[in-house]
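First up is the structure itself, then whatever we jot down about it.
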Amino acid sequence: MEEKIIELISAGLKDLYQITDVAIKIEDTKKEFEGDYTFVVFPYTRITKLGPEQTADALGKYILEHSKDISSYNVVKGFLNLVIADHIWNAFLHEQFSNVSYGKTQFGKGKKVMVEYSSPNTNKPLHLGHVRNNLLGWSISEIMKFNGYDVVKVNLINDRGIHICKSMLAWIKTGNGETPDSSGLKGDKLVGKYYVAFNELMKAEVAQLVASGISQEEAEKQAPILKEAQEMLLKWEAGDEETMHIWEMMNEWVYAGFELTYKRLGCDFDRYYYESNTYLLGKKAVDVGLSKNIFYKKDDGSVWIDLTADGLDQKLLLRADGTSVYMTQDIGTAMMKYDDEHCEKSVYVVGNEQEYHFKVLKLILEKLEVGNASGLYHLSYGMVELPTGKLKSREGKTVDADELIEEMYESAKFKTNELGKTEGLEEAELHHLYETIGLSALKYFILKIDPTRKMVFNPEESIELQGNTGPFIQYTYARIKSVLRGYNQQINYSVSELFLLKPEKDLLVLLYKFEQAVKEASLVMSPAVIANYIYEVAQSYNHFYHECSILREENEQVKQRRLAMSQLAANTIKNALHLLGIGTVERM
RNA sequence: GCCUCCAUAGCUCAGUGGAUAGAGCAACGGUUUUCUAAACCGUUGGCCGAAGGUUCGAGUCCUUCUGGGGGUACCA
């Protein structure tokens with residue numbers, strides 16, 4: 001429809017004013033005014049030599065004469081508001097109302113994209129920050145799939161490095177052979193406990209050193225337990241048997257724990273990468289870079305790249321002791337990823353604190369000519385903060401993912417029971433209901449916010465189930481399904497020339513824009529576009545529901561139309577919620 | 001210091017250079033013999049951080065300033 005209008009305006013400008021070769025832009029008409037699309041004529045008044053009103057009026061007249069699809073127009077100052085004829089909306093409804101995959105586009109057809117998300121460290125459990133990452137990564141993948149892209153979801157497990165050694169060391173020193181079975185703790189929780197323990201042990205040692213007259217900074221470098229961890233990393237890279245054994249055992253615990261959390265969050269992956277498998281490839285690449293003089297070696301043996309010519313600093317690629325760092329691993333991973341899948345685009349869902357890292361990574365890949373540097377895209381999302389301040393995982397001050405999900409579940413359960421809507425449902429159905437509603441509240445609360453922005457997570461607000469929330473949208477869906485159940489026959493809608501009431505038309509126009517939202521969400525990689533869109537749909541449907549009778553409508557044609565609209569709204573909500581990883585329930 | 005992102009209602013957030021800046025929450029009031037009240041309708045609440053500039057038109061673009069977040073050579 002937009003294209004048609006643009007053609008009309010373009011023809012009008014040419015015939016009336018001899019204006020050609022200009023990019024015509026139209027926008028949605030603001031609610032306060034009558035019309036569907038608006039064309040702003042201000043920029044053209046200089047050429048038309050007429051006032052804005054006259055220019056717009058002449059153009060409006062021209063369009064009305066040349067198209068049956070525009071039923072009327074009005075002019076406010078320099079704004080030409082065009083009203084689309086009802087038959088267009090009716091035809092759209094007729095075409096789409098039973099389309100269960102309504103909204104799908106072929107926008108990204110033939111393009112293959114890899115989306116890396118989650119990417120946890122194996123030394124501690126998943127927390128609120130990971131939750132945002134997981135939800136974003138999964139949702140963006142699904143949005144791109146919905147747009148026809150071939151998407152490979154990837155999880156890069158950071159299973160090696162000094163941080164892992166810290167957990168291992170603390171476990172060896174203080175664990176007394178504790179296991180998930182013996183402790184009853186989820187595997188990731190158990191390992192996380194020892195990561196916190198390490199930091200406490202180290203803190204004590206640092207305090208002691210400081211007491212003996214050494215500076216804080218120096219003490220933090222010299223703490224014996226830190227030295228031990230560093231030695232352990234060396235042993236690990238050398239393949240020391242005992243170290244490897246403990247490492248493998250503890251990682252298995254963590255994976256089992258993560259798996260449970262992923263399952264509950266609804267995240268899945270097509271492929272897993274392990275940094276323990278990719279860092280050697282990275283090291284090799286560093287050697288190649290050295291021989292090509294892209295990198296250089298300092299006297300202490302550490303390897304660097306000088307990026308001052310690119311406006312950046314110097315960056316470390318290998319430590320003086322020869323062990324690899326984050327960057328080394330990421331070079332190797334990028335190479336392996338490209339070898340495996342040959343995606344033209346590789347998206348990294350990683351927090352914005354690492355923007356610098358990815359800028360450097362991209363440059364290095366470019367210079368080394370490996371791993372498809374041009375396709376690298378860092379989807380940089382904002383940090384999650386609590387009303388009380390920032391999350392601090394080193395001190396164990398976080399919002400734990402599992403606990404958070406459980407709270408949402410309980411909240412949904414409490415609210416459902418309070419409303420007394422549990423009648424006739426069996427235990428398993430109830431569980432499913434609470435789970436679906438609780439997770440919807442959590443997911444929607446996080447995804448409705450623009451990913452690039454930092455967000456404040458208020459636990460009390462997040463468990464709200466009213467207003468602009470996931471459950472509100474689910475409720476609208478359940479309400480529609482209830483109406484459709486009440487009819488319980490095939491909807492038999494045929495295009496009629498009947499007049500659309502305002503709430504009907506508003507809803508239809510909004511539903512028509514789903515594809516546009518789907519496309520935009522994929523372009524800007526933002527589930528928030530979908531979330532905000534579907535919230536408007538739910539609001540609009542509820543308004544329509546209050547204003548217009550459906551089952552009680554006596555005019556059969558109108559009744560069928562409203563049923564068809566309900567059907568289309570239900571399909572739209574279901575598909576949109578799916579893109580956010582949110583399920584629907586038939587009643588709630 | 002340098003780089004970068006951000007600043008919109010009491011709170012959390014929307015706002016492709018266009019019209020009178022919008023939602024939700026919170027506060028107050030109303031709607032159910034009628035298709036699900038987790039809903040709907042209304043009231044209160046704004047120098048869009050400040051000052052300049054570009055433009056017919058700026059919350060949106062540019063400059064400066066203020067305040068905050070993040071990054072910045074051996075954590076990841």
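The structure presented is a predicted model; accordingly, all values stated were derived computationally and were not measured. A, B, ... follow the sequence lines: proteins, then strands. Residue 1 opens every chain.
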Would you indicate what A:His163 reaches in the nucleic acid, counting non-hydrogen atoms under 4.0 angstrom: base, sugar-phosphate, or nothing?
sugar-phosphate
Treating A:Tyr545 as the side-chain partner and A:Ser540 as the backbone partner, does any N or O pair qualify as donor plus acceptor under 3.5 Å?
no
Please state how far atom CD in A:Gln474 lies from atom C1' in B:A39, giving the value in whole angstrom units.
15 Å
Which side-chain N or O atoms in residues 515-525 of chain A pair as donor and acceptor under 3.5 Å with protein atoms at least two apart or in another chain?
none

Could you check how far NE2 of A:His378 sits from C1' of B:C5, rounded to whole Å?
13 Å
Would you indicate, yes or no, if B:C5 has its OP1 or OP2 atom less than 4.0 angstrom from a side-chain nitrogen or oxygen of A:Lys359?
no
Determine the interatomic distance between P on B:U8 and the same-named atom on B:C48; round to the nearest Å.
11 Å
If I pick the C1' atom on B:U32 and the same atom on B:A37, what distance separates them, to the nearest angstrom?
7 Å
Whole-Å distance, A:Tyr356 OH to B:C3 P, equals 13 Å
Verify whether one side chain among A:Tyr73 and A:Asp57 offers a donor that lies under 3.5 Å from an acceptor in the other.
yes
Does any donor atom in the side chain of A:Gln466 or A:Thr469 lie under 3.5 Å from an acceptor atom in the other side chain?
no
Taken to the nearest whole Å, CZ/A:Phe457 to P/B:C25 is 18 Å
Under 3.5 Å donor-acceptor, A:Asp310 side chain and A:Leu312 backbone
no
Rounded distance (Å) that lies between atom P of B:A38 and atom OH of A:Tyr477
19 Å
Would you kindly check whether a donor in the side chain of A:Thr38 faces an acceptor in the base of B:A19, or vice versa, at under 3.5 angstrom?
yes
Could you check whether A:Met588 gets within reach of a base, just the sugar-phosphate, or nothing at all, counting any heavy atom under 4.0 Å?
base
May I ask you to say what A:Glu32 touches in the nucleic acid, namely base, sugar-phosphate or nothing, with a heavy-atom cut-off under 4.0 Å?
nothing
Remember a base hit wins even if backbone is also touched, and classify A:Lys421 as base, sugar-phosphate or nothing at under 4.0 Å, heavy atoms.
base
Return the minimal non-hydrogen interatomic distance between A:Lys25 and A:Phe39, and the atom names on each side.
O-CD1, 3.6 Å
With centres under 5.5 Å and planes under 30°, do A:Phe472 and B:A38 count as stacked?
no
OP1 or OP2 of B:A76 less than 4.0 angstrom from a side-chain nitrogen or oxygen of A:His357, does that happen here?
no
So A:Glu464, base contact, sugar-phosphate only, or nothing? Heavy-atom distance under 4.0 Å.
nothing
Dot-bracket line, read 5' to 3' along RNA chain B, where crossing pairs take [ ] and | marks a partner on another strand, Watson-Crick or G-U under 3.5 Å
(((((((..((((....[...)))).(((((.......))))).....(((((..]....))))))))))))....
Base, sugar-phosphate alone, or nothing: which one does A:Pro43 contact when heavy atoms must sit under 4.0 Å apart?
base
I need the CD-C1' distance between A:Glu460 and B:C25, as an integer number of Å.
12 Å
What's A:Leu312 touching, base or sugar-phosphate or nothing? Going by heavy atoms closer than 4.0 Å.
nothing
Donor-acceptor pair under 3.5 Å: do we get one between A:Asp300's side chain and the base of B:C74?
yes
ring-ring contact (aromatic ring centres under 6.0 Å, His included) test vs A:Tyr279 passes for just one of A:Trp236, A:Tyr326, A:Tyr273, A:Tyr274, namely A:Trp236
Stacking check: are the rings of A:Phe42 and B:G57 less than 5.5 Å apart at their centres and under 30 degrees in tilt?
no
Are a donor atom and an acceptor atom from the side chains of A:Ser380 and A:Tyr348 found within less than 3.5 Å of each other?
no
Looking across every strand, which nucleic acid part, if any, lies under 4.0 Å from A:Cys165 by heavy atom: base, sugar-phosphate, or nothing?
nothing
Counting only N and O atoms by type, is there a donor-acceptor contact under 3.5 Å from the side chain of A:Arg319 to the main-chain atoms of A:Ser324?
yes
Less than 4.0 angstrom between a side-chain N/O of A:Arg453 and OP1 or OP2 of B:A14, yes or no?
yes
Look at all strands and tell whether A:Lys315 reaches a base, only sugar-phosphate, or nothing, counting heavy atoms closer than 4.0 Å.
nothing
Under the 5.5 Å and 30° test, is A:Tyr475 stacked on the base of B:A39?
no
Remember a base hit wins even if backbone is also touched, and classify A:Ser549 as base, sugar-phosphate or nothing at under 4.0 Å, heavy atoms.
base
Rounded to the nearest angstrom, tell me the gap between atom NZ in A:Lys454 and atom C1' in B:U4.
14 Å
Distance check, P atoms only: B:C74 and B:G67, in whole angstrom units.
29 Å
Nearest-angstrom distance, P atom, B:A38 to B:A26:
15 Å
Between A:Lys415 (NZ) and B:U36 (P), how many Å, whole number?
19 Å
Could you measure between the two P atoms, the one in B:A50 and the one in B:G10, and give it in whole Å?
14 Å
Classify the nucleic acid contact of A:Gln539 as base, sugar-phosphate or nothing, counting any heavy atom under 4.0 Å across all strands shown.
sugar-phosphate
Ignoring backbone atoms, establish whether A:Arg319 has a side-chain N or O less than 4.0 Å from OP1 or OP2 of B:A76.
yes
Counting the atoms with a prime plus P, OP1 and OP2 as sugar-phosphate, which does A:Ile449 contact under 4.0 Å by heavy atoms, base, sugar-phosphate, or nothing?
sugar-phosphate
Base, sugar-phosphate or nothing for A:Glu586? Non-hydrogen atoms, less than 4.0 Å.
base
Sugar-phosphate only, base, or nothing, as touched by A:Asp159 at under 4.0 Å among non-hydrogen atoms
nothing
Close aromatic pair by centroid cut-off 6.0 Å: A:Phe472 and A:Tyr535
yes
